[in-house]
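One-based numbering, in listed order, for ligands and for the atoms of each. The chain is numbered in sequence order, starting from 1.
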Amino acid sequence: MVKSLKSTPREDGFRMPGEFEQHDKCWMVWPERTDNWRLGGKPAQTAFVEVAETIAKYEEVTMCVSQSQYEAARGALSDKIRVIEMSNDDAWMRDIGPTFVINNIGEIRGVDWRFNAWGGLLDGLYFPWDKDDQVARKVCEIENIDYYSLDDFILEGGSIHSDGDGTAMVTEECLLSESRNPHMTKEEIEQKLKDYIGVEKVLWLPHGIYLDETNGHVDNIVHYCAPGVVVIAWTDDENDPQYPLSKASYDYLVNETDAKGRKLEIHKLHIPDEVLITKEESEGVDVIAGTLPREEGDRQAASYANFYIANKAIILPLFSDEKYDNEAIELLGHIFPDREIVGVPCREIILGGGNIHCITQQQPTAK
Ligand code: KQY
(Lines give C-alpha, C1' and ligand atoms only; values in the text may rest on other atoms or scores of the structure.)
Protein backbone atom coordinates (compact mmCIF):
# COMPACT_ATOMS: atom_id res chain seq x y z
CA MET A 1 0.00 0.00 0.00
CA VAL A 2 1.27 3.48 -0.86
CA LYS A 3 1.58 5.72 2.23
CA SER A 4 1.22 9.46 2.69
CA LEU A 5 4.04 10.19 5.14
CA LYS A 6 3.94 12.70 7.95
CA SER A 7 7.70 12.86 8.61
CA THR A 8 10.13 14.76 6.33
CA PRO A 9 12.68 13.48 3.79
CA ARG A 10 15.44 15.11 5.81
CA GLU A 11 14.45 13.24 9.00
CA ASP A 12 14.22 10.01 7.02
CA GLY A 13 17.58 10.40 5.26
CA PHE A 14 16.29 11.25 1.76
CA ARG A 15 17.63 13.88 -0.66
CA MET A 16 16.63 15.25 -4.05
CA PRO A 17 19.36 14.07 -6.45
CA GLY A 18 20.85 16.28 -9.14
CA GLU A 19 19.16 15.98 -12.51
CA PHE A 20 22.50 14.77 -13.91
CA GLU A 21 22.28 11.61 -11.75
CA GLN A 22 20.86 8.40 -13.28
CA HIS A 23 17.14 8.35 -14.18
CA ASP A 24 14.67 5.48 -14.33
CA LYS A 25 12.24 7.40 -16.47
CA CYS A 26 10.79 10.73 -17.49
CA TRP A 27 7.19 11.92 -17.00
CA MET A 28 5.26 14.30 -19.29
CA VAL A 29 1.67 15.51 -19.80
CA TRP A 30 -0.07 15.90 -23.17
CA PRO A 31 -0.99 19.55 -24.00
CA GLU A 32 -4.57 20.35 -25.00
CA ARG A 33 -5.77 23.63 -23.41
CA THR A 34 -7.04 25.73 -26.29
CA ASP A 35 -6.64 28.94 -24.24
CA ASN A 36 -2.90 28.30 -23.88
CA TRP A 37 -1.91 26.29 -26.95
CA ARG A 38 -2.80 27.57 -30.38
CA LEU A 39 -4.92 25.77 -32.97
CA GLY A 40 -6.49 23.41 -30.48
CA GLY A 41 -3.09 22.34 -29.21
CA LYS A 42 -2.08 20.51 -32.41
CA PRO A 43 1.27 22.25 -33.09
CA ALA A 44 2.22 21.93 -29.40
CA GLN A 45 1.32 18.24 -29.46
CA THR A 46 3.67 17.73 -32.39
CA ALA A 47 6.44 19.47 -30.44
CA PHE A 48 5.74 17.40 -27.31
CA VAL A 49 5.87 14.22 -29.41
CA GLU A 50 9.31 15.22 -30.67
CA VAL A 51 10.53 15.93 -27.13
CA ALA A 52 9.12 12.62 -25.83
CA GLU A 53 10.51 10.54 -28.69
CA THR A 54 13.91 12.19 -28.35
CA ILE A 55 14.09 11.53 -24.61
CA ALA A 56 12.86 7.96 -25.19
CA LYS A 57 16.12 7.22 -27.01
CA TYR A 58 17.88 7.62 -23.66
CA GLU A 59 15.35 6.65 -20.95
CA GLU A 60 11.75 5.50 -20.58
CA VAL A 61 9.03 8.11 -21.04
CA THR A 62 5.49 8.08 -19.68
CA MET A 63 2.95 10.49 -21.21
CA CYS A 64 -0.09 11.31 -19.06
CA VAL A 65 -3.13 12.29 -21.07
CA SER A 66 -6.77 13.17 -20.43
CA GLN A 67 -9.47 10.70 -21.41
CA SER A 68 -10.66 12.84 -24.32
CA GLN A 69 -7.17 13.03 -25.87
CA TYR A 70 -6.14 9.46 -25.12
CA GLU A 71 -6.65 8.07 -28.62
CA ALA A 72 -4.96 11.08 -30.24
CA ALA A 73 -1.90 10.83 -28.00
CA ARG A 74 -1.64 7.05 -28.28
CA GLY A 75 -1.84 7.35 -32.04
CA ALA A 76 0.78 10.09 -32.26
CA LEU A 77 3.33 8.46 -29.97
CA SER A 78 5.40 5.38 -30.74
CA ASP A 79 5.14 2.14 -28.76
CA LYS A 80 8.31 3.15 -26.90
CA ILE A 81 6.26 5.67 -24.92
CA ARG A 82 3.93 4.49 -22.13
CA VAL A 83 0.65 6.40 -22.32
CA ILE A 84 -1.48 6.67 -19.15
CA GLU A 85 -4.86 8.31 -18.78
CA MET A 86 -4.70 11.10 -16.18
CA SER A 87 -6.88 14.18 -15.70
CA ASN A 88 -5.01 17.49 -15.86
CA ASP A 89 -5.49 21.23 -16.20
CA ASP A 90 -2.41 21.77 -18.40
CA ALA A 91 0.85 20.13 -19.35
CA TRP A 92 3.66 21.31 -17.06
CA MET A 93 4.89 18.10 -15.43
CA ARG A 94 7.93 19.81 -13.91
CA ASP A 95 5.61 21.89 -11.77
CA ILE A 96 2.78 19.49 -11.01
CA GLY A 97 4.63 16.18 -10.79
CA PRO A 98 6.27 14.87 -7.64
CA THR A 99 9.78 15.90 -6.66
CA PHE A 100 11.50 12.56 -6.20
CA VAL A 101 13.89 11.98 -3.30
CA ILE A 102 16.17 8.99 -2.75
CA ASN A 103 18.24 7.59 0.12
CA ASN A 104 21.47 5.64 0.13
CA ILE A 105 19.89 2.22 0.57
CA GLY A 106 18.08 2.16 -2.74
CA GLU A 107 14.70 3.66 -1.78
CA ILE A 108 12.74 6.37 -3.54
CA ARG A 109 9.87 8.56 -2.33
CA GLY A 110 7.90 11.50 -3.72
CA VAL A 111 7.21 15.00 -2.44
CA ASP A 112 3.71 16.24 -3.23
CA TRP A 113 3.80 20.04 -2.97
CA ARG A 114 0.62 22.10 -3.24
CA PHE A 115 0.08 23.72 -6.65
CA ASN A 116 -1.90 26.92 -7.36
CA ALA A 117 -1.23 27.51 -11.09
CA TRP A 118 1.71 29.86 -10.40
CA GLY A 119 -0.11 32.30 -8.20
CA GLY A 120 -3.66 31.28 -7.34
CA LEU A 121 -6.28 33.98 -7.56
CA LEU A 122 -3.65 36.72 -7.21
CA ASP A 123 -1.58 36.21 -10.37
CA GLY A 124 -2.14 32.58 -11.32
CA LEU A 125 -2.36 31.64 -14.98
CA TYR A 126 -5.62 29.71 -15.01
CA PHE A 127 -8.48 28.55 -12.82
CA PRO A 128 -9.24 25.93 -11.62
CA TRP A 129 -6.06 23.92 -11.02
CA ASP A 130 -7.37 21.10 -8.82
CA LYS A 131 -6.65 18.33 -11.34
CA ASP A 132 -3.05 19.49 -11.70
CA ASP A 133 -2.71 19.51 -7.92
CA GLN A 134 -3.58 15.80 -7.82
CA VAL A 135 -1.01 14.72 -10.40
CA ALA A 136 1.97 14.23 -8.04
CA ARG A 137 0.01 11.89 -5.80
CA LYS A 138 -1.33 9.92 -8.76
CA VAL A 139 2.17 9.46 -10.19
CA CYS A 140 3.41 8.15 -6.83
CA GLU A 141 0.48 5.75 -6.55
CA ILE A 142 1.06 4.44 -10.09
CA GLU A 143 4.72 3.87 -9.26
CA ASN A 144 3.96 2.40 -5.81
CA ILE A 145 6.05 5.08 -4.14
CA ASP A 146 5.32 6.52 -0.68
CA TYR A 147 5.10 10.27 -0.65
CA TYR A 148 5.33 13.29 1.65
CA SER A 149 2.25 15.44 1.20
CA LEU A 150 2.41 19.09 2.24
CA ASP A 151 -0.97 20.47 3.24
CA ASP A 152 -0.18 24.13 3.04
CA PHE A 153 3.04 24.83 1.17
CA ILE A 154 2.82 26.02 -2.45
CA LEU A 155 5.77 25.13 -4.68
CA GLU A 156 6.43 24.17 -8.30
CA GLY A 157 9.22 21.81 -9.33
CA GLY A 158 10.54 24.42 -11.77
CA SER A 159 11.22 26.79 -8.90
CA ILE A 160 13.92 24.58 -7.32
CA HIS A 161 17.19 23.12 -8.51
CA SER A 162 19.26 20.70 -6.42
CA ASP A 163 22.88 19.68 -6.89
CA GLY A 164 22.15 16.45 -4.99
CA ASP A 165 25.09 17.30 -2.78
CA GLY A 166 23.59 19.59 -0.18
CA THR A 167 22.76 22.75 -2.13
CA ALA A 168 19.57 24.06 -3.71
CA MET A 169 19.00 27.12 -5.89
CA VAL A 170 15.81 29.18 -6.01
CA THR A 171 14.85 32.75 -6.89
CA GLU A 172 13.56 35.33 -4.44
CA GLU A 173 11.29 36.61 -7.20
CA CYS A 174 9.36 33.35 -7.18
CA LEU A 175 9.60 31.87 -3.70
CA LEU A 176 9.02 35.18 -1.93
CA SER A 177 6.19 36.14 -4.27
CA GLU A 178 2.99 37.25 -2.57
CA SER A 179 1.13 34.60 -4.51
CA ARG A 180 2.95 31.56 -3.11
CA ASN A 181 3.43 31.39 0.68
CA PRO A 182 2.95 34.98 1.91
CA HIS A 183 2.30 33.81 5.48
CA MET A 184 5.90 32.54 5.75
CA THR A 185 9.20 34.34 6.24
CA LYS A 186 12.18 33.73 3.99
CA GLU A 187 13.79 31.73 6.82
CA GLU A 188 10.72 29.53 7.19
CA ILE A 189 10.58 28.88 3.45
CA GLU A 190 14.26 28.01 3.45
CA GLN A 191 13.73 25.56 6.32
CA LYS A 192 10.89 23.90 4.40
CA LEU A 193 13.23 23.36 1.45
CA LYS A 194 15.94 21.97 3.69
CA ASP A 195 13.44 19.57 5.25
CA TYR A 196 11.77 18.40 2.04
CA ILE A 197 14.59 18.21 -0.49
CA GLY A 198 17.29 17.34 2.00
CA VAL A 199 19.74 20.19 1.49
CA GLU A 200 21.89 22.14 3.94
CA LYS A 201 22.20 25.35 1.98
CA VAL A 202 19.86 27.34 -0.25
CA LEU A 203 21.24 29.87 -2.75
CA TRP A 204 18.75 32.67 -3.36
CA LEU A 205 19.17 34.25 -6.78
CA PRO A 206 17.34 37.55 -6.97
CA HIS A 207 15.59 37.11 -10.34
CA GLY A 208 14.56 34.76 -13.09
CA ILE A 209 14.05 35.56 -16.79
CA TYR A 210 12.43 38.82 -17.90
CA LEU A 211 8.64 38.44 -18.25
CA ASP A 212 8.64 34.82 -17.10
CA GLU A 213 4.99 34.21 -16.24
CA THR A 214 5.96 31.84 -13.41
CA ASN A 215 7.29 34.75 -11.31
CA GLY A 216 10.84 33.92 -12.29
CA HIS A 217 11.37 30.17 -12.00
CA VAL A 218 14.96 29.24 -11.30
CA ASP A 219 14.92 26.56 -14.03
CA ASN A 220 14.80 29.20 -16.74
CA ILE A 221 17.76 31.24 -15.46
CA VAL A 222 20.23 28.58 -14.24
CA HIS A 223 20.83 24.86 -14.47
CA TYR A 224 23.08 22.67 -12.33
CA CYS A 225 25.33 20.64 -14.63
CA ALA A 226 27.26 18.91 -11.82
CA PRO A 227 27.89 19.72 -8.16
CA GLY A 228 29.63 23.10 -8.20
CA VAL A 229 29.00 23.71 -11.94
CA VAL A 230 26.15 25.87 -13.30
CA VAL A 231 25.09 27.62 -16.47
CA ILE A 232 23.34 30.96 -16.24
CA ALA A 233 21.13 32.57 -18.90
CA TRP A 234 23.01 35.65 -20.04
CA THR A 235 22.96 38.53 -22.48
CA ASP A 236 25.81 40.81 -23.50
CA ASP A 237 23.33 43.49 -24.54
CA GLU A 238 23.28 46.01 -21.69
CA ASN A 239 20.14 47.59 -23.14
CA ASP A 240 18.18 44.36 -22.94
CA PRO A 241 15.89 44.28 -19.86
CA GLN A 242 17.32 40.82 -19.18
CA TYR A 243 20.81 42.25 -18.63
CA PRO A 244 20.39 43.67 -15.10
CA LEU A 245 18.49 40.54 -14.05
CA SER A 246 21.18 38.13 -15.25
CA LYS A 247 23.95 40.38 -13.97
CA ALA A 248 22.45 40.53 -10.47
CA SER A 249 22.16 36.74 -10.31
CA TYR A 250 25.63 36.24 -11.78
CA ASP A 251 27.19 38.65 -9.27
CA TYR A 252 25.37 36.90 -6.46
CA LEU A 253 26.62 33.44 -7.50
CA VAL A 254 30.20 34.61 -8.06
CA ASN A 255 30.34 35.68 -4.43
CA GLU A 256 28.72 32.56 -3.00
CA THR A 257 29.91 29.11 -2.00
CA ASP A 258 27.81 25.97 -1.89
CA ALA A 259 27.09 23.66 1.05
CA LYS A 260 30.44 21.92 0.53
CA GLY A 261 32.29 25.24 0.60
CA ARG A 262 33.01 25.22 -3.16
CA LYS A 263 33.15 28.36 -5.30
CA LEU A 264 30.88 27.79 -8.28
CA GLU A 265 32.11 27.29 -11.84
CA ILE A 266 29.66 29.52 -13.74
CA HIS A 267 29.14 29.39 -17.51
CA LYS A 268 27.26 32.14 -19.34
CA LEU A 269 24.67 30.74 -21.73
CA HIS A 270 23.54 33.54 -24.03
CA ILE A 271 19.77 33.88 -24.51
CA PRO A 272 18.37 33.85 -28.08
CA ASP A 273 17.29 37.01 -29.85
CA GLU A 274 13.83 38.17 -28.78
CA VAL A 275 11.03 35.66 -29.31
CA LEU A 276 7.82 37.61 -30.00
CA ILE A 277 4.34 36.18 -30.55
CA THR A 278 3.13 36.79 -34.12
CA LYS A 279 -0.36 37.93 -35.08
CA GLU A 280 -1.16 34.52 -36.52
CA GLU A 281 0.06 32.75 -33.38
CA SER A 282 -1.91 35.05 -31.13
CA GLU A 283 -5.08 34.57 -33.15
CA GLY A 284 -4.83 30.80 -32.82
CA VAL A 285 -5.30 30.88 -29.03
CA ASP A 286 -8.80 30.95 -27.50
CA VAL A 287 -9.41 34.01 -25.35
CA ILE A 288 -10.91 32.89 -22.04
CA ALA A 289 -11.48 35.14 -19.01
CA GLY A 290 -9.16 34.17 -16.16
CA THR A 291 -6.40 32.79 -18.41
CA LEU A 292 -3.28 34.75 -19.30
CA PRO A 293 -3.86 36.14 -22.83
CA ARG A 294 -1.37 35.53 -25.67
CA GLU A 295 -1.07 38.83 -27.48
CA GLU A 296 0.74 39.74 -30.68
CA GLY A 297 4.18 41.18 -29.94
CA ASP A 298 4.43 39.72 -26.44
CA ARG A 299 7.99 38.72 -25.61
CA GLN A 300 8.42 35.13 -24.41
CA ALA A 301 10.83 34.14 -21.64
CA ALA A 302 13.20 32.35 -23.99
CA SER A 303 16.28 30.72 -22.46
CA TYR A 304 18.52 27.79 -23.33
CA ALA A 305 18.94 27.07 -19.59
CA ASN A 306 15.57 25.31 -19.72
CA PHE A 307 17.11 22.10 -21.10
CA TYR A 308 16.45 18.59 -19.82
CA ILE A 309 19.29 16.35 -18.68
CA ALA A 310 18.47 12.79 -19.78
CA ASN A 311 20.65 9.72 -19.28
CA LYS A 312 23.55 10.30 -21.67
CA ALA A 313 21.94 13.31 -23.42
CA ILE A 314 20.98 16.95 -23.08
CA ILE A 315 17.63 17.77 -24.68
CA LEU A 316 18.12 21.40 -25.64
CA PRO A 317 15.46 23.88 -26.80
CA LEU A 318 16.28 25.45 -30.17
CA PHE A 319 14.81 28.79 -31.23
CA SER A 320 15.75 28.87 -34.97
CA ASP A 321 18.45 31.37 -33.96
CA GLU A 322 21.49 30.45 -35.98
CA LYS A 323 24.04 32.25 -33.81
CA TYR A 324 22.84 31.48 -30.31
CA ASP A 325 21.45 27.98 -30.99
CA ASN A 326 24.92 26.97 -32.17
CA GLU A 327 26.67 28.72 -29.29
CA ALA A 328 24.46 26.87 -26.81
CA ILE A 329 25.15 23.50 -28.47
CA GLU A 330 28.87 24.19 -28.41
CA LEU A 331 29.00 25.35 -24.77
CA LEU A 332 26.93 22.45 -23.48
CA GLY A 333 29.01 20.01 -25.51
CA HIS A 334 32.05 21.33 -23.69
CA ILE A 335 30.38 21.13 -20.24
CA PHE A 336 28.86 17.67 -20.84
CA PRO A 337 31.51 15.78 -22.86
CA ASP A 338 29.90 12.40 -22.09
CA ARG A 339 26.41 13.31 -23.25
CA GLU A 340 24.96 13.88 -26.67
CA ILE A 341 23.60 17.40 -27.16
CA VAL A 342 20.28 17.00 -28.97
CA GLY A 343 18.45 20.12 -30.05
CA VAL A 344 14.65 20.12 -30.42
CA PRO A 345 12.72 23.05 -31.97
CA CYS A 346 10.77 24.63 -29.15
CA ARG A 347 8.75 27.52 -30.59
CA GLU A 348 5.39 25.84 -30.02
CA ILE A 349 6.37 25.09 -26.40
CA ILE A 350 7.67 28.57 -25.56
CA LEU A 351 4.43 30.03 -26.98
CA GLY A 352 2.68 28.24 -24.09
CA GLY A 353 4.89 29.96 -21.52
CA GLY A 354 7.62 27.44 -20.69
CA ASN A 355 10.08 25.08 -22.28
CA ILE A 356 11.52 21.56 -22.34
CA HIS A 357 12.54 21.47 -18.68
CA CYS A 358 9.10 22.72 -17.65
CA ILE A 359 7.26 19.91 -19.46
CA THR A 360 9.40 17.05 -18.12
CA GLN A 361 10.05 15.50 -14.71
CA GLN A 362 12.75 12.92 -14.16
CA GLN A 363 12.26 9.94 -11.88
CA PRO A 364 15.72 9.18 -10.54
CA THR A 365 17.15 5.73 -10.06
CA ALA A 366 17.19 4.68 -6.44
CA LYS A 367 20.62 3.19 -5.85
O1 KQY B 1 7.78 27.40 -16.95
C2 KQY B 1 7.09 26.62 -16.37
N3 KQY B 1 7.61 25.82 -15.48
C4 KQY B 1 5.65 26.54 -16.56
C5 KQY B 1 5.12 27.59 -17.40
C6 KQY B 1 3.65 27.61 -17.28
C7 KQY B 1 3.00 28.42 -18.27
C8 KQY B 1 1.53 28.27 -18.25
N9 KQY B 1 0.92 28.98 -19.29
Location of contacts on [X] toward ligand 1, heavy atoms closer than 4.0 Å:
{"X": "Glu213", "answer": "side chain"}
{"X": "Arg33", "answer": "neither"}
{"X": "His217", "answer": "side chain"}

Nearest-contact summary for [atom] - protein heavy atom, Å:
{"atom": "atom 3 (N) of ligand 1", "result": "Asp95 OD2, 2.7 Å"}
{"atom": "atom 5 (C) of ligand 1", "result": "Gly353 O, 3.4 Å"}
{"atom": "atom 2 (C) of ligand 1", "result": "Cys358 SG, 3.1 Å"}

Please identify which atoms of ligand 1 are closer than 4.0 Å to at least one heavy atom of [X].
{"X": "Thr214", "result": "1 (O), 2 (C), 4 (C), 5 (C)"}
{"X": "Gly354", "result": "1 (O)"}
{"X": "Arg294", "result": "9 (N)"}
{"X": "Asn36", "result": "9 (N)"}
{"X": "Leu125", "result": "7 (C), 8 (C), 9 (N)"}

Aromatic ring proximity, centroids under 6.0 angstrom, [Y] and [X]:
{"X": "Trp234", "Y": "Tyr243", "answer": "yes"}
{"X": "Phe307", "Y": "His223", "answer": "yes"}
{"X": "Phe319", "Y": "Tyr304", "answer": "yes"}
{"X": "His161", "Y": "His357", "answer": "yes"}

Could you tell me if Arg33 sits above the aromatic ring of Tyr126, with its cationic atom closer than 6.0 Å to the ring centre and no more than 45 degrees from the axis?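 Verdict for Tyr126: a cation-pi partner in Arg33.
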Does Lys3 count as lying over the ring of Tyr147, i.e. NZ or CZ under 6.0 Å from the six-ring centre, within 45 degrees of the axis?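 Negative - Lys3 is either too far from the ring of Tyr147 or too far off its axis.
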With only distance considered, is Gly352 within less than 3.5 Å of ligand 1 through an N or O on each side?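 N/O-N/O distance under 3.5 Å: yes.
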Would you check whether Asp219 has a nitrogen or oxygen atom less than 3.5 angstrom from a nitrogen or oxygen atom of ligand 1?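 No, Asp219 has no N/O under 3.5 Å of an N/O on ligand 1.
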Does ligand 1 have any atom sitting under 4.0 Å from a heavy atom of [X]?
{"X": "Tyr126", "value": "no"}
{"X": "Met93", "value": "no"}
{"X": "Gly158", "value": "no"}

Do Arg109 and Glu143 sit within salt-bridge range, that is, some charged N less than 4.0 Å from a carboxylate O?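 Here Arg109 does not pair with Glu143 in a salt bridge, since their nearest N and O are not under 4.0 Å apart.
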Ignoring hydrogens, what is the shortest heavy-atom contact between Tyr224 and Leu203? Give both atom names and the distance.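 Nearest heavy atoms, Tyr224 then Leu203: OH-CD1, 4.3 Å.
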Going by ring pair (Phe, Tyr, Trp, His ring centres under 6.0 Å), Trp92 matches just one of Phe48, Trp37, Phe115. Which one?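 Option passing the ring pair (Phe, Tyr, Trp, His ring centres under 6.0 Å) with Trp92: Trp37.
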So His23 and Tyr308, would you call those rings parallel, tilted or perpendicular, with 30° and 60° as cut-offs?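 Answer is tilted, since the angle falls between 30° and 60°.
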